[in-house]
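Just so it is clear: chains get the letters A, B, ... in the order the sequence lines come, proteins before strands, and each one is counted from 1. Every value quoted in this text rests on a predicted model; they were computed, and no experiment measured them.
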Amino acid sequence: MAKSIPPPGTSDIFPEEMPLWHRLEETADKVFSLYGYGELRTPIFEYTEVFQRGLGDETEVVQKEMYTFEDRGGRSMTLRPENTAGVMRALLNTDVMNGNEKRVYYIGPMFRGERPAAGRKRQFHQVGVENVGRIAPGLDAENIAMLMHYLEELGIKGAQLLVNTRGTREDREPAAEALRAYFAERIDRMCPDCRERLDKNVWRILDCKQDACINEVDGAPEVTGFFSEESREYFKKTCGYLDELKVNYKIEPRLVRGLDYYVHTVFEVTHPDLGGQNAIAGGGRYELFLPDNKKPVIGVGFAAGLERLLMVQEALGVPAPESENRTVFLVGLGEQAVDANMALASELRKAGWPVITEVEAKSMKAQMRAANRVNARFSVIRGEDELARETAVLKDMESGEQQEVPVGQLIKFLNP
RNA sequence: GUGGUUGUAGCUCAGUUGGUUAGAGCGCCUGGUUGUGGCCCAGGAGGUCGGGGGUUCGAAUCCCCUCAUCCACCCCA
C-alpha cells in the first residue's frame, strides 16, 4: 500500500475530478445569484467560543466533533465544523442587527472529528446560503425553494424534502416539559443515549433511530400543540408558500436537527439512493447567539454536502460536464526544434491555446504517443526541415490529416 | 466512541492444504516503421506481499500487536 495517504477522513481531489466540483460551485453561484445572494468567504477557523455559543454547548458537534487547538498566543481556536456561525460573526460587522437583510452564500471545507464512513469525511465540503436579519414565512419558503432549484439544476431527481417547525424558544419550554414528563416514565426502556438526552436535550429523543425509542416516541404528545398560535400560523404560512411555489414536501413532526440554534422552520433533504448517510442538505430558521452579544442574529439558511451531492449525481448517472478539447501538442525532432518549440508554445498560449510540449528530443513515436496520452486535439511537428523552411506540420489527431503550413500562420490554421 | 471488512506492481486484483526465482490484466518504457499516435505483435522496467513481533527447516499464507482502508451504528452535510 502507498505510504503517501492523506490523514484519516480526508482526501486529495485530483484534476480529473475537478470538472464535477466546479459544476457544483458554478451552479451554486448561478442559481443563488438569481435570488440575490453573493459569496462570502470566512476564515476556516474561528475562536472556539463562536461555535460553542453559536451551535450550543449541548450539541453533539460541539461536544465531541470539533478540531480545537491552541494558537501561538494561547487562544483556543477551532476548525469550522459548519459555516453558519462564522458567517453570522462576519455579518455582525454590517447592519443586520437593525432589521436589514443580507443574502450570502458560501462554499468550502468543514471539519468534524468523526469516524469516516460512506459519505462522511473529517474534512468535507459544504455549500450553503444564509438570509440574515429578518424573519418572515416568505423568506423561509423562498430559501427552501432555492435549495430545490439548485438540486434540480444539478440533475438531482428523487430527493425527499422533509419540513417541520420547532416553534420559538418560548414555545419550546411547555412542550419540552410535556416531553420530559412523558419520557421520564418510560426512560428505562429506552437507549442509553436517550437517557442522557432526557435532561440535556429531550428533543433529540424524537429523532432517535433505536427501535425501542421509536416505539415510545410514537405515543409521545404532539409538540406543536404546545406552541403558540403565532408559531403555528408561521408554519402554516410557510407551507402555504411552498405549495404556491410548487415545492413538494412532507411534514415530518419528528424532524429536530442537531444544532440548537434552530427556531420555527427546519428542513432536511434526503435521497433514497444514498444508504447510511442519506441527508444531502439541511437547514432552517435560526436565532444564533455569538460571544458578547445579548441579542441573537436571526436568519434562515441551509447547507448541502458537496461530497453527497456528487454521490447522488453518480448514483443517478448524471453525466460529467464536457469541455471542448483544444490541446495542442508540440513535437520537436532534434535539439534545435525542441528549443524552438519553447517560444512557439509561448506564442500559442498567449493566443489562447492550451499547449503541451515535449522538452527532450525523444523519438517521433514516443512524442506522438505522449500527444495521444494527453488526448491532444492537434499536434504540431517540427524538425530540421521545417525549421529551415519556417513551416510546421499541423496534424489533426482525430482525423489523422496533416498539412505543412507557415509557422507565422499556424494560429490562423488552428482557428476554424 | 462501538462493531465488522480489507491491506500483494502506478491502478484493479489472483495467489490453491504454509514449500523453490510472487503472478495476471490495464498503464508505463523500448522496438517492430531513418520523421507519425490510437489497433496489433515482441521485449523490458516496476513489489522489503501495510508495519512490527512470534510459530516453523520454511510465512503473502498461521498467531499476536500496530497502522491504515472501507462499511454499519452513532451523528450529520
Among residues two or more places apart or on two chains, list those pairs meeting ring-ring contact (aromatic ring centres under 6.0 Å, His included) that have a residue in residues 354-399 of chain A.
-> none
Between protein and nucleic acid, restricted to nucleotides 2-4 of chain B and to nitrogen or oxygen atoms under 3.5 Å apart, what atom pairs and distances do you find?
| from | atom 1 | to | atom 2 | distance (Å) |
| --- | --- | --- | --- | --- |
| B:U2 | O4 | A:R115 | NH1 | 3.0 |
| B:G3 | O6 | A:R115 | NH2 | 3.3 |

Under 4.0 Å between any heavy atoms, over every strand shown, what does [X] touch: base, sugar-phosphate, or nothing? Just pick one.
X	answer
A:G128	nothing
A:A371	nothing
A:K362	nothing

How would you list, by chain and number, every residue that makes a side chain to side chain contact (heavy atoms under 4.5 Å, CB included) with A:Y35, sequence neighbours excluded?
-> A:V31, A:Y37, A:R103, A:E142, A:M146, A:H149
Can you name the residues that form a side chain to side chain contact (heavy atoms under 4.5 Å, CB included) with A:D171, not counting sequence neighbours?
-> A:T168, A:F227, A:S228, A:S231
Pairing residues for A:N215 by the side-chain hydrogen bond (donor to acceptor under 3.5 Å, both in side chains) criterion, not counting sequence neighbours | none
Whole-Å distance separating the [atom1] atom of [X] from the [atom2] atom of [N]:
X	N	atom1	atom2	value
A:Q277	B:A77	CD	P	12 Å
A:Q403	B:G35	CD	P	23 Å
A:Q367	B:C29	CD	P	12 Å

Show me the donor-acceptor pairs within less than 3.5 Å that the side chains of residues 364-372 of chain A make with the rest of the protein, sequence neighbours left out.
| from | atom 1 | to | atom 2 | distance (Å) |
| --- | --- | --- | --- | --- |
| A:Q367 | OE1 | A:G332 | N | 3.0 |
| A:Q367 | NE2 | A:G332 | O | 2.7 |
| A:Q367 | NE2 | A:K362 | O | 2.9 |

Which pairs of donor and acceptor atoms, one on a side chain in residues 174-187 of chain A, lie under 3.5 Å apart (sequence neighbours left out)?
| from | atom 1 | to | atom 2 | distance (Å) |
| --- | --- | --- | --- | --- |
| A:R180 | NH2 | A:E173 | OE1 | 3.4 |
| A:Y182 | OH | A:E216 | O | 2.6 |
| A:Y182 | OH | A:A220 | N | 3.4 |
| A:R186 | NE | A:Y182 | O | 2.9 |

Kindly say whether A:P109 contributes a backbone atom to a donor-acceptor pair with the side chain of A:R80 at under 3.5 angstrom?
-> yes
For every nucleotide of nucleotides 36-48 of chain B, 5' to 3': is a protein heavy atom under 4.0 Å from its base (B), only from its sugar-phosphate (S), or from neither (-)?
-> BBB----------
For RNA chain B, determine which residues of residues 303-329 of chain A have any heavy atom closer than 4.0 angstrom to one of its atoms, and list them numerically.
-> A:A303, A:G305, A:R308
Near-strand residues of residues 278-289 of chain A, defined as heavy-atom separation under 4.0 angstrom from RNA chain B = A:N278, A:A279, A:I280, A:A281, A:G282
With both pairing distances under 3.5 angstrom for Watson-Crick or G-U wobble, and | for a partner in another strand, the correct string for RNA chain B is ((((.((..((((.....[...)))).(((((.......))))).....(((((..]....))))))).))))....
Any ion pair linking A:E49 and A:R53 (charged N to carboxylate O, less than 4.0 Å)?
-> no
C1' spacing across the pair B:U61 / B:U8, given as an integer number of angstrom = 11 Å
Distance-only donor-acceptor hits, side chain of residues 266-282 of chain A, under 3.5 Å, sequence neighbours excluded:
| from | atom 1 | to | atom 2 | distance (Å) |
| --- | --- | --- | --- | --- |
| A:E268 | OE1 | A:R257 | NH1 | 2.7 |
| A:H271 | ND1 | A:D273 | N | 3.2 |
| A:H271 | NE2 | A:K157 | O | 2.6 |

